[in-house]
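Structure first, commentary second.
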2 protein chains.
Amino acid sequence: MNKSEALSERAGNETSDLSKARLRAWLQILKVSRKIEGELREKMRLEFGSTLPRFDVLAALYRERDGMRMSELSKSLMVSNGNVTGIVDRLVAEGLVVRMPVENDRRASIVRLTKAGEKDFAERALVHEGWVSDLFSDLSSADADALIRILRNISHHNEAPHHD
Amino acid sequence: MNKSEALSERAGNETSDLSKARLRAWLQILKVSRKIEGELREKMRLEFGSTLPRFDVLAALYRERDGMRMSELSKSLMVSNGNVTGIVDRLVAEGLVVRMPVENDRRASIVRLTKAGEKDFAERALVHEGWVSDLFSDLSSADADALIRILRNISHHNEAPHHD
DNA sequence: CGTAGATATTTCAAACTTAAAATATTTGTG
DNA sequence: CACAAATATTTTAAGTTTGAAATATCTACG
């Protein structure tokens, strides 16, 4: 903490300039995140008749071609278990994923892309990357790197503490 | 576009390194945004028995002490009209805001903080700023400024085009 | 072996969210 | 003035999301 920060934090409850800068940073993250997400949601709906949560599940499964457990999926997407149940139900109804039993554990199931799911996602992912690149067309390569570095710092600091 | 980018974009559908860097940047924004939002949601629930959407509405109204129309609120928060209706209904039930008729326009109504809403929000806002500062405690002043600058660039490029 | 506790998932109720339809009111134009 | 178009908001249906409770199954320990 430097001198002016120390000075501005003298009395118990006042908030420092640094604290205010961090709050502004958070609000700006939120703003960009909402705006981009809104744009992508609309494109996803108009172009593919689908939704972002479903896209996210397909993306996770595309990275793990052998499939994932429900719990792995929800952990990877940072959403609750119950949430993933509903999304996967809809993707199953659309024929894009299947649930398969797990050998030696009848509590669990593994979710996998179907052939159709793989094909659909590969196509959507390309188009999606184009949308993102357009929405971020003012983001230079250097700024992208800076952004990623700064955000990774924040992520790492808030990593869920693992159990021992 | 530099030489290697031009080279890597030769055939129709391949995606450039820049496009991939932008996608990574977007995924990182999303990751941080979800993580922080999850933390804040939980704290808001445990500490105040409330939610982030309600906090956001209170915050907007705290900045506009004379109140805002429903449509101004939804625009300011970048959410749909119907969404705000429900949140405001709950805040009215909690006694934190009121709906008032608008002189000369019986379609509209103005939403304002009550005394209790003002008092509650002022208290919550201080604590909230502290939470954010803790969650971003690895974010230096310089990085906060860089982050804000880069994100503002992105925001501005995606500003909703105003009607004439 | 029996069973208490742990684990994986689903179900549930409540809240949030959107897009579109419905309602109510105002404004502008002939 | 009449009334079509515009505006402000609410309602509705469908989907997403959470946190907690319920189910089903597995594991470990006596």
Side-chain angles (χ1 to χ4, degrees), chain A residues 30 33-35 37-58 67-94 97 99-111 163-164, chain B residues 30 33-35 37-58 67-94 97 99-111 163-164:
Chain A
L30 215 46
S33 170
R34 283 197 191 167
K35 205 166 274 191
E37 216 163 340
E39 297 285 343
L40 293 176
R41 181 192 307 114
E42 186 180 10
K43 289 175 193 293
M44 199 62 79
R45 180 174 58 84
L46 296 176
E47 197 82 14
F48 298 124
S50 191
T51 65
L52 286 177
R54 290 177 209 182
F55 183 81
D56 291 344
V57 167
L58 294 179
M68 297 172 82
R69 293 184 173 215
M70 295 298 286
S71 47
E72 291 177 313
L73 257 178
S74 64
K75 182 166 187 187
S76 147
L77 302 173
M78 296 191 295
V79 299
S80 67
N81 272 335
N83 186 355
V84 176
T85 297
I87 312 284
V88 166
D89 285 349
R90 286 173 204 109
L91 288 172
V92 167
E94 292 182 87
V97 312
R99 267 186 249 248
M100 299 181 317
V102 172
E103 201 69 357
N104 296 327
D105 191 345
R106 284 180 299 175
R107 294 169 305 178
S109 61
I110 284 191
V111 188
H163 296 283
D164 300 283
Chain B
L30 214 47
S33 170
R34 283 196 190 167
K35 206 166 273 191
E37 215 164 340
E39 297 285 342
L40 291 177
R41 180 192 308 114
E42 186 181 9
K43 288 174 193 295
M44 200 62 80
R45 180 174 57 85
L46 296 177
E47 198 80 13
F48 298 124
S50 192
T51 66
L52 287 177
R54 290 178 209 181
F55 183 82
D56 291 345
V57 167
L58 295 178
M68 298 171 82
R69 291 182 174 217
M70 294 299 285
S71 47
E72 291 177 314
L73 256 179
S74 64
K75 183 167 187 188
S76 146
L77 302 173
M78 298 191 295
V79 299
S80 67
N81 272 335
N83 185 356
V84 177
T85 297
I87 312 283
V88 167
D89 285 350
R90 285 171 207 112
L91 288 171
V92 168
E94 292 182 86
V97 312
R99 267 186 250 249
M100 299 182 315
V102 173
E103 201 70 356
N104 297 326
D105 192 345
R106 283 181 299 175
R107 295 169 304 179
S109 62
I110 284 191
V111 188
H163 297 283
D164 298 284

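The analysis underlying the following values was restricted to heavy atoms, covering all of them including side chains, and did not include hydrogens, waters or symmetry mates. Just so it is clear: chains get the letters A, B, ... in the order the sequence lines come, proteins before strands, and each one is counted from 1.
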### Query
Using a cut-off of 4.0 Å between protein heavy atoms and nucleotide atoms, how would you tag nucleotides 7-19 of chain C 5' to 3' with B, S and -?
BSBBB---SSSBS
Please list every donor-acceptor pair under 3.5 Å in which a side-chain atom of residues 46-54 of chain B meets a protein atom from a residue at least two apart or in another chain.
residue: B:Thr51; atom: OG1; partner: B:Arg54; partner atom: N; Å: 3.4
residue: B:Arg54; atom: NH1; partner: B:Glu94; partner atom: OE2; Å: 3.2

### Task
Please determine which of A:Ile110, A:Val111, A:Leu73 meets the side chain to side chain contact (heavy atoms under 4.5 Å, CB included) test together with A:Met68.
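Only one option passes, and that is A:Leu73.
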Rounded to the nearest angstrom, tell me the gap between atom [atom1] in [X] and atom [atom2] in [N].
X: B:Arg106; N: D:dT10; atom1: CZ; atom2: C1'; value: 17 Å
X: B:Lys43; N: D:dG19; atom1: NZ; atom2: P; value: 13 Å
X: B:Leu73; N: D:dT10; atom1: CG; atom2: P; value: 11 Å

Note, [X] side chain near [Y] side chain (heavy atom, < 4.5 Å):
X: A:Glu37; Y: B:Leu30; result: yes
X: B:Val84; Y: B:Ile87; result: no
X: B:Ser109; Y: B:Arg69; result: no

